Amino acid sequence: TTHWIKAIAHADVPEDDVIAVQVGDHEIALYGVEGQVYATDNLCTHGNARLCDGFLTGHEIECPLHQGRFDVRDGRALCSPLRENVATYPVRIEDGMVFVGM
Ligand code: FES
């Protein structure tokens, strides 16, 4: 079953940008894109880099270390050197708060 964990105020999710939050034991990256909020693991699947330090363009987050890109909607790895998708999490907005499903 999905546990919904309160992460951050919706207003604190930057539009067209990414912010890292601690959700339980996980460090999660939250992305604000066109009024929607998306969540992925913050750690790149290729190496020791945090996606919150990368660059968000539309729905694509570019890793700061080797410029691998993921689609934040489904975690799909879009280019080399990435070989593994990044985990995504469902997001719910309630009472102005962002909840992440784990
Ligand atoms: Fe992210 Fe290499 S660590 S692309």
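Along the sequence shown, the residues carry numbers beginning at 1. What you see is a predicted model; the values in this text were computed from it and never measured. No hydrogens, no waters, no symmetry mates; every other heavy atom, side chains included, goes into these values. Order of appearance sets the numbers: ligands from 1, and atoms from 1 within every ligand.
- Taking distances strictly below 2.8 Å, the protein N/O/S atoms close to atom 1 (Fe) of ligand 1 are Cys44 SG, Cys63 SG.
- Residues passing the salt bridge (charged side-chain N to carboxylate O under 4.0 Å, His left out) test with Glu60, sequence neighbours excluded: Arg69.
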Only pairs under 3.5 Å count here: list side-chain donor-acceptor contacts from residues 88-102, not counting sequence neighbours, and write none if there are none.
unit_1 : atom_1 : unit_2 : atom_2 : d
Tyr89  : OH     : Asp41  : OD1    : 2.7
Arg92  : NE     : Glu94  : OE1    : 3.2
Arg92  : NH2    : Glu94  : OE1    : 3.1

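- Qualifying ring-ring contact (aromatic ring centres under 6.0 Å, His included) partners for Tyr38, counting only residues two or more places apart in sequence or in other chains: His59.
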One pair to check against side chain to side chain contact (heavy atoms under 4.5 Å, CB included): His10 and Val37. What are the steps and the verdict? CA-CA 8 Å; His10 190 194; Val37 179; 3.7 Å; yes
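- When every heavy atom of Ala77 is checked against every heavy atom of Asn85, the shortest pair comes out as N-OD1, 2.9 Å.
- The minimum heavy-atom distance between Cys52 and Asn42, with the atom names listed, is N-OD1, 2.9 Å.
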